[in-house]
Every structure is written in C-alpha cells, then in structure tokens.
Amino acid sequence: MINITLPDGSVKHFEKGVTSMEIAQSISEGLARNVLSAEVNGVVWDASRPIYDDSTVKLLTWNDEKGKNTFWHSSAHLLAEALESLYPGIKFGIGPPIDTGFYYDVDLGDVSLSVNDLPAIEDKMLELAKEKNAYVRQEISKSDAIQYFEEKGDEYKLELLDGLEDGHITFYTQGNFTDLCRGPHIPDTGFIKAIKLTKVAGSYWKGDENRQTLTRIYGVSFPKQKELTEYLTMIEEAKKRDHRKLGAELDLFMFSEKVGAGLPIWLPKGTQLRERLQNYLRDEQEKRGYKMVVTPHIGGKELYVTSGHYAKYGADSFQPIHTPREGEEFLLKPMNCPHHCEIFAHKPKSYKELPLRIGEFGTVYRYEQSGELHGLSRVRGFTQDDAHIFCTQDQLKSEFLNVLDLTTTVLHKMGFNDFTAQISLRDPDNPDKYIGSDENWKAAESAIIEATLESGLKTTTVLGEAAFYGPKLDFMIKDALGRSWQLGTIQVDYNLPERFNLEYVGSDNKTHRPVMIHRAPFGSMERFISILIEHTAGKFPLWLTPDQIAILPISDRLNDYAKEVELKLSKHDIRGFIDDRTESIGKKIRDNELKRIPFMLIVGDKEAENGEVSIRRQGEGDLGSMKVEDFVILFNEALAKND
RNA sequence: GCCAGUGUAGCUCAGUUGGCCAGAGCAGCUGAUUUGUAAUCAGCGGGUCGGGGGUUCGAAUCCCUCCACUGGCUCCA
C-alpha cells in the first residue's frame, strides 16, 4: 500500500501501481470522466501512469491550465495522425500546446496547404477522436528510437533525438500514429469533442530562417462543442475591435500606397487624440523633472557611425540621403539617442546637473521588413515618447524606480491594469551578439532586477532578448486577439556614453562617465494608440476622446438653440459639434452612436423652451431631459470618474 | 525577407467551367420631407476589376511579374 496525499491535505491509501485515473474513480465517476492528467509530486503525468511510491497527487481537468495544456498537446498528436493518414509520407517537426490551442509543424514535401484544406483535416481528426484510441506511453532506447525514425525517414525527429539522453526517451502512440514525445497525454482521443483548425502558416525549422520552411497548422480543441462555439464568438467580437477597422471607422488614421507602406497618416480626429495623449504625458514628465527638446528628423551619417548603429543596421535601413555636396550623407533618424547624446556633450557637465532627463516626442524611421508591417502596431515611421536620462551609477536605481512609477502611473490612467514587465537579459551562450564590457552588463542587469523587485511588478525574465547595447525592461500588453506587444521600455545603456565620450565632473574634480537610461512609457504613440483602441473598442476615456458631445437638433429651426448650448458648454471646456444635417433624429442618433460619441444632446422645442437638453449616453440610451447647467455637473462627474 | 492567402465603386460584398454595355446595399450628390431617442423617400453620379506584361477571336475570370494588404515565421536600434 502507498499513501496518496491530495490537494486538500487528505491522505488515502492505494495499492502500489495505482493510476491517477483510479484515484479519481475512488472519489467520483464524474471526476474520473474529466481527468485529463495529474500532477504527481509536482510533475505532470499521464492519468493512466502507475504510481509506485507515496506521492502528492493533484488531478488535472479542463479547469487547470496544466490540464488544458495536456489536452491541447494530445490534440496536436491527433492533428499529426490525421495529417499522416491524409498525406502519407510527410515528416513532422514539433507539435506543442500554446496559450490557446496547439500547432504542428510539418514538412509536406511538394504539397502546399491552404485554409481550404483545413475542414477535411478537421473531419479526419473528429473521425479519429471517435475511435477513442488510448495514448500509450512507451519507454524506448535511443537506438531503437533512431531506428524507428530512420525507417520512417523523418530527419526532423532524428535531429530532436540527437539532443536527447538514452534512458529518458519515450514514445506515445495513439491509433496508427507514434511520436517521439515526453508527454504527458490525456487518456484517449475520445475526450476531444470539438476541433477548429484556425490557420496555416510558414515557419522555420528550429526558428532559424536559414533552415527549412515547414508548414505550421494551428488549431484549438475543446471537450465540449459549446465551448468551441463560445470561443468562435469571442474571436468574432475581438475582430470588431481591431484597431485597423476602428481606425478607419472613426476617421483616426489612414494609409496611402503612394505615401508608402507602414507610414501612417494621422487624420484630424486621430491627431486630436494623439496630441491630448502627448500633452498628458508631457505634463507627467515635466512633473518628474524632464526637460523637453526638439531635434531634427535626420542626422549626419557620422552620428550613427559613432553610435555604432550604422555598422549594425545601416544595410537594412532607409538608405542615406545625399545632397548636392559630394560625399555628404544624412540618415533618417532611426532613434533619438544620438541626438540627445550630442545635447549632453554640448556643454561641460557637473555632477550637480545630474540626473539630466532629456525628453522628446521624436519621430523615427526604421525600414521594417515588409512582412512585419501591421496597422499602427508595426510601422516604418513612428513617434517615440522618448527620453534619455544621464545619471551617475549611484543614481541609477532611483532613476529606474522613478521611471517605473511614471510608466505604471500612465498605464493605469489609461485603464491598463493587466500588463507584465519582461526583463530581457543577455543570451549567455552568445556573448558576441552584444557590445560593452562584461562588468557593465552585470551591473546593468542587477540594477534592473533589483528595481523591478522593489516595484512589485508582475515580471517574467527572458534570456537572449536584451538589446545589443544593454539589458532592458519591456512592458508587455495584449491586443484584442491576444497577441502580445511591447509598449513601454526602459533600457540601461553603458555603451553610448562611451562611444560619445560623455563625461561629467564629479565632486572630486575628476571626470566620470555617466550612465544612460533610454525609456519610453508608451513605446510609440502609434503602437500605444493601437492597443488603446482595441482595449476601449473605440470608446476612449472622456478626457481623451476627440468629441465628447454631439448636439442633435430635432429640426432646422432648433439650430440656433443648439448653437447657444454649444457656446455654453464650450465655456466649461466641453467639446463637440452640432449635427445639423437635414436628417431624421433616428438617423443622427444612429450615426453618432456608431462614432462612439460619449454624450448626445438632443434638442427639440420642449428643451429650447426650458433651457434644457435631452441626454443620451453612448451605449446606454436615453437619460432624460435636464437643464444645461445640470448636464455640466453630470459631465464633470463622469470626467472625475475617468469614464 | 520566408510560407500561405487576398485585392471588383469611398465602405461591405456579388459576378470565376473565359463570351451581351461589370452589379447590389451603404456612403456621396440633387430634390422632396422638418422629423422626439439606432437607418424618411425618390432621382442621379461614381469602377484603368491593385499596376505591368502574356495566352486567346475574346480576360475581372487563365499564366508570369511587381505592389499593397491579411495570417503566421524570422526580425524589431
């Protein structure tokens, strides 16, 4: 007999070799039907795997992230089985679960797959799922495993096997499909009731663009049909919030092929929004001791040779601008820091001037790869809410905390509460990718880690994601479709001060090298606004939205009264417009609802007589009539609540 | 940049076994209507079918190429 400890702390006795499934059955049949896998002493196992020693066991179902992972991992195997039966002879890369669903990378040889082929594959998967084939685990020697895949002719699996240690290799088989796999898996394919293959994409083997292109098939699966239907509805709703769609509907921005791909054009409404954001951010920064500057959109090529950027990015950037003077070359600025370094170097600096915080809404141009462009999120010309802080080594941590406070303050003001701070450090296996000394890197990395710890932010740490000149902290946030984007960024840099030979005179009357922090709380105005649009579905906070009110006269004869109302409200800094088109009131309401105008003020003869307006709140409907003065109060209350 | 897909009027879309002057709704314009909480009615104008090249008696439709966009991959100073 062995002792099994359950999450509630209770201990039950079972025969040696009991499975998690059997433990579930001992609790209830219903639970047993829903067990996907189990966490045994902290490791996720197959529910069907025998347990031989005293253990702590947590049964995992669809309600556990780890249970879902098992489910989706098994679904990837089912996809592979379906693919192999439909396209015999294909080779398999990897097929992991992801945040939502799973994918499998396959080499289809000469076959080219499109989304039109997916329904047939789904059907095959469902057919195989109905067979309720068990996922059977098998420990196998490395030589036998190699022999299996050599006979099958799957060089990808052989390459994966190459990195595995003999004695720790397992195969999983369900139906006619066997895969090299660590597991675990769900008991049988019958658990998978609903499947949607969502997209086909190219991917590089091992993520290396110099290696084979594989076909990646993405899918998502569920234990109940209803959950798939709900998921699909959610995706449809998310698409309605897409900033590219809303940006066009709300007349915020546009693109023009003639102007160029990835070069957003801000329309009047979008410009109002953007400038209000900038003003807000400028105020917050000036409160924190930043000094704003303006620098040109171009810079001499030597500037970027000095900074080191020309050597690293020159070939893949917008190419130099030439002038009538032979040999003279300028580059569109891809970042603001070299200009700011020149500002620092302009006059001798004393330690008394530090920290020096130089801020600029600086527009930069980067020749992003064509396949990368994406609405406002990834563009070739964008405006950073940039600043560079020059400080002493001692000031580094407090400056870092100051920036963390600024960033979290502005993100919260915008209603973003769900973001993570990603600490990006060096790839220890690839020191050649980075410039700067080892000591400096270590000092910078520990400064970031310490400050972030003190701030109490939700963090993740990723090795190998650092910039080439220093480690960084990025604020990651998700768009409507769950894709993760980097917004704000804070980067420590020991490199540029050296390259620009920046110095200050210390209290010891000796020269010292300042430390530099690059930081942008929004990242770029473009990307920030793209995320803001998706999070608010176009219903911007009242203080920020381009038009706060629309006055809708019921007929032409009320236009004069509408103007009176508009004038009164503008004296209270309430902005908007009169919709005096010769349209029915129903039509005007509909149009202004769709434009997400927060308040509609409907004025007819009754209102004009009494000095009133009839209020309609966007998305809520009629709030009844009130005096104009009372509306001002109502409006200011809504403003105060940051609605 | 790579893989796959898409591109017809300002917008959403129909039209593809190649064949009369390429259609609809919305938007726009003109006129009528002066309207009470999500679309008033009528008339009119509007398209190099993404650009270029080719096949064909004939191309929106088939082929090549370039561009843009979409979904991923890679990249992101």
Side-chain angles (χ1 to χ4, degrees), chain A residues 103 105 108 112-117 198-218 239 242 244-245 248-249 254-258 260-262 304 307-314 316-317 333-338 364-375 377-380 384 435 465 467-470 472 474 481 483 485-486 489 491 493 495-496 518 523 527 552-559 581-594 600-607 614-625:
Chain A
Y103 68 79
D105 279 348
L108 291 159
S112 151
L113 213 62
S114 85
V115 280
N116 300 324
D117 301 308
T198 49
K199 44 205 169 196
V200 191
S203 71
Y204 300 111
W205 173 234
K206 297 245 170 176
D208 184 341
E209 60 183 320
N210 298 309
R211 305 203 62 184
Q212 298 93 325
T213 298
L214 303 178
T215 303
R216 175 171 298 178
I217 299 160
Y218 284 91
K239 282 183 181 164
D242 190 310
R244 293 165 297 190
K245 183 177 160 66
E249 286 173 9
M254 57 169 275
F255 289 91
S256 147
E257 279 196 36
K258 286 198 181 105
Y304 303 100
S307 73
H309 293 106
Y310 189 78
K312 185 155 177 90
Y313 292 103
D316 301 319
S317 300
K333 73 173 170 189
M335 79 290 292
N336 304 298
C337 29
V364 298
Y365 299 89
R366 299 178 182 176
Y367 194 78
E368 304 290 357
Q369 299 186 81
S370 59
E372 281 303 336
L373 302 177
H374 182 94
S377 313
R378 192 79 186 268
V379 288
R380 287 179 172 158
Q384 296 178 315
I435 52 184
E465 284 291 308
F468 78 91
Y469 54 77
K472 58 180 182 175
D474 292 326
L481 288 167
R483 291 174 292 208
W485 295 92
Q486 174 215 310
T489 185
Q491 312 183 356
D493 186 354
N495 175 55
L496 275 187
H518 310 247
R527 183 175 292 176
L552 316 189
I554 220 124
S555 93
D556 292 349
R557 69 174 177 280
L558 277 310
N559 285 354
R581 295 174 300 162
T582 319
E583 293 286 354
S584 70
I585 196 67
K587 170 73 166 169
K588 291 183 190 184
I589 286 166
R590 178 183 158 77
D591 288 349
N592 289 297
E593 282 279 349
L594 293 175
M600 275 169 267
L601 280 51
I602 293 144
V603 294
D605 295 311
K606 275 184 287 182
E607 286 78 12
S614 172
I615 307 300
R616 191 187 160 95
R617 188 77 207 250
Q618 202 273 346
E620 290 176 25
D622 193 357
L623 301 185
S625 291

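Residue numbering restarts at 1 for every chain, and letters A, B, ... go by the order of the sequence lines.
When rounded to the nearest whole Å, the span between CG of A:Asn559 and P of B:U35 equals 13 Å. One can place CZ of A:Arg590 at 23 Å from P of B:U35, the figure rounded to the nearest angstrom. Between A:Ile217 atom CD1 and B:G5 atom C1' there is a gap of 15 Å when expressed in whole angstrom units. If you take CZ of A:Arg581 and P of B:C29, they are 10 Å apart, rounded to a whole angstrom. Atom CD in A:Gln486 sits roughly 12 Å away from atom P in B:C76 (whole-Å rounding). Between A:Glu583 atom CD and B:G31 atom C1' there is a gap of 13 Å when expressed in whole angstrom units. Computed from coordinates, the A:Gln384 CD to B:C76 P distance equals 16 Å when rounded to whole Å. One atom, CG of A:Asp556, and another, C1' of B:G36, lie 15 Å apart when rounded to the nearest Å.
When Watson-Crick and G-U wobble pairs are counted only if both distances are under 3.5 Å, B:C2 pairs with B:G72. Remark: B:G23 base-pairs with B:C13. Criterion, Watson-Crick or G-U wobble with two distances under 3.5 Å. The partner of B:A42 is B:U30, judged by Watson-Crick or G-U wobble contacts that both fall below 3.5 Å. B:A59 makes up no base pair with any nucleotide shown, lacking Watson-Crick or G-U wobble contacts both under 3.5 Å.
At the heavy-atom level, A:Leu113 lies under 4.0 Å from the strands shown only through sugar-phosphate atoms. Residue A:Lys472 is classed as a sugar-phosphate contact, given heavy-atom separations below 4.0 Å to backbone atoms only. Residue contacts for A:Thr582: at a heavy-atom cut-off of 4.0 Å it reaches a base atom on one of the strands shown. Looking at heavy-atom distances under 4.0 Å, A:Asp591 makes no contact with the nucleic acid at all. Among the protein residues, A:Ser203 comes within range of the sugar-phosphate backbone only, with heavy atoms under 4.0 Å from sugar or phosphate atoms but none that close to a base. Using a 4.0 Å heavy-atom criterion, one finds that A:Glu249 contacts no nucleic acid atom at all. Base contact: A:Gln369 has a heavy atom under 4.0 Å from a base atom. A:Ile585 comes within contact range of the sugar-phosphate backbone alone, with a heavy-atom separation under 4.0 Å but no base atom that close. Here A:Gly308 lies out of heavy-atom contact (under 4.0 Å) with every strand. Residue A:Val115 is classed as having no contact, given no heavy-atom separation below 4.0 Å to the nucleic acid. Residue A:Leu373 is classed as a sugar-phosphate contact, given heavy-atom separations below 4.0 Å to backbone atoms only. Using a 4.0 Å heavy-atom cutoff across all strands shown, A:Gly604 reaches at least one base atom of the nucleic acid. Looking at heavy-atom distances under 4.0 Å, A:Arg244 makes contact with sugar-phosphate atoms alone, never a base. Residue-level contact check: A:Arg557 touches the backbone only, with heavy atoms under 4.0 Å from sugar-phosphate atoms and none from bases.
The residue among A:Ser370 and A:Lys606 whose nearest nucleotide of RNA chain B lies closer to the 5′ end is A:Ser370. Between A:Ala261 and A:Asn116, the residue whose closest nucleotide on RNA chain B is further toward the 5' end is A:Asn116.
By the 4.5 Å heavy-atom criterion applied to side chains, A:Val603 and A:Leu552 are not counted as neighbours. Residues A:Leu594 and A:Glu249 have side chains not in contact (no heavy-atom distance under 4.5 Å, counting atoms from C-beta outward). At least one side-chain heavy atom of A:Ile602 sits less than 4.5 Å from a side-chain heavy atom of A:Ile589. For the pair A:Glu465 and A:Gln486, the minimum side-chain heavy-atom distance is 4.5 Å or more. No side-chain heavy atom of A:Tyr103 sits under 4.5 Å from any side-chain heavy atom of A:Ile217. Residues A:Lys588 and A:Met600 have side chains not in contact (no heavy-atom distance under 4.5 Å, counting atoms from C-beta outward). In this structure the side chain of A:His374 reaches within 4.5 angstrom of the side chain of A:Arg483, judged on heavy atoms.
Smallest separation of non-hydrogen atoms from A:Gly262 and A:Leu373: N-CD1, 4.0 Å.
Between the P atoms of B:A60 and B:C2, the separation comes to 30 Å (whole Å). Between the P atoms of B:C13 and B:G7, the separation comes to 10 Å (whole Å). Taking atom P on both B:C29 and B:U37, the two are 26 Å apart, rounded to the nearest angstrom. B:U30 and B:G54 have their C1' atoms separated by 45 Å, given to the nearest Å. For the C1' atoms, the distance linking B:C75 with B:C66 amounts to 24 Å, nearest Å. Annotation: B:U8 and B:A4 have their P atoms spaced 22 Å apart (nearest Å). One P atom belongs to B:C67, the other to B:G31, and the distance between them is 47 Å to the nearest Å. Remark: the separation of the C1' atoms in B:U61 and B:C44 is 31 Å, to the nearest Å.
With hydrogens and angles left out, the side chain of A:Glu593 and the base of B:A38 share a donor-acceptor pair within 3.5 Å. Judged by distance alone, with hydrogens and angles left aside, A:Arg378 brings a side-chain donor or acceptor within reach of the base of B:C76, the pair sitting under 3.5 Å. One can find a donor-acceptor pair under 3.5 Å joining the base of B:G36 and the side-chain atoms of A:Glu607. No donor-acceptor contact under 3.5 Å links the side chain of A:Arg366 to the base of B:C75. At a cut-off of 3.5 angstrom, counting only N and O atoms as typed in the model, there is a donor on one side and an acceptor on the other between the side-chain of A:Arg616 and the base of B:A38. Contact annotation: side chain of A:Tyr367 to base of B:G1, donor-acceptor pair absent below 3.5 Å.
When distances are taken from the side chain of A:Lys199 to each of B:A77, B:G72, B:C67, the shortest belongs to B:G72. Closest to the A:Leu594 side chain, of the nucleotides B:A38, B:C76, B:G36, is B:A38. With distances taken from any side-chain atom of A:Glu368 to the nucleotides B:U37, B:C76, B:G1, the minimum falls on B:C76. Side-chain proximity of A:Ile589 to the nucleotides B:G36, B:U34, B:A38 is greatest for B:A38. The side chain of A:Ser555 has B:U34 as its nearest neighbour among B:G36, B:G71, B:U34.
The shortest distance between the side-chain N/O atoms of A:Lys258 and the OP1/OP2 oxygens of B:G50 is not below 4.0 Å. For A:Ser584 and B:U40, the shortest distance from a side-chain N or O to OP1 or OP2 is below 4.0 Å. Applying the 4.0 Å criterion to OP1 and OP2 of B:G71, one finds that A:His374 has a side-chain N or O inside that range. Taking side-chain N and O atoms only, A:Arg483 has a distance below 4.0 Å to OP1 or OP2 of B:G71.
Cation-pi check for A:Arg380 over A:Tyr367 is met; the charged atom lies under 6.0 angstrom from the ring centroid and within 45 degrees of its normal.
Remark: ring of A:Tyr218 not stacked against base of B:G72; the cut-offs of centroid gap under 5.5 Å and plane tilt under 30° are not jointly satisfied.
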Check: Is there a side chain to side chain contact (heavy atoms under 4.5 Å, CB included) between A:Lys472 and A:His518 once you walk through the steps?
Finding: CA-CA 9 Å; A:Lys472 58 180 182 175; A:His518 310 247; over 6 Å; no
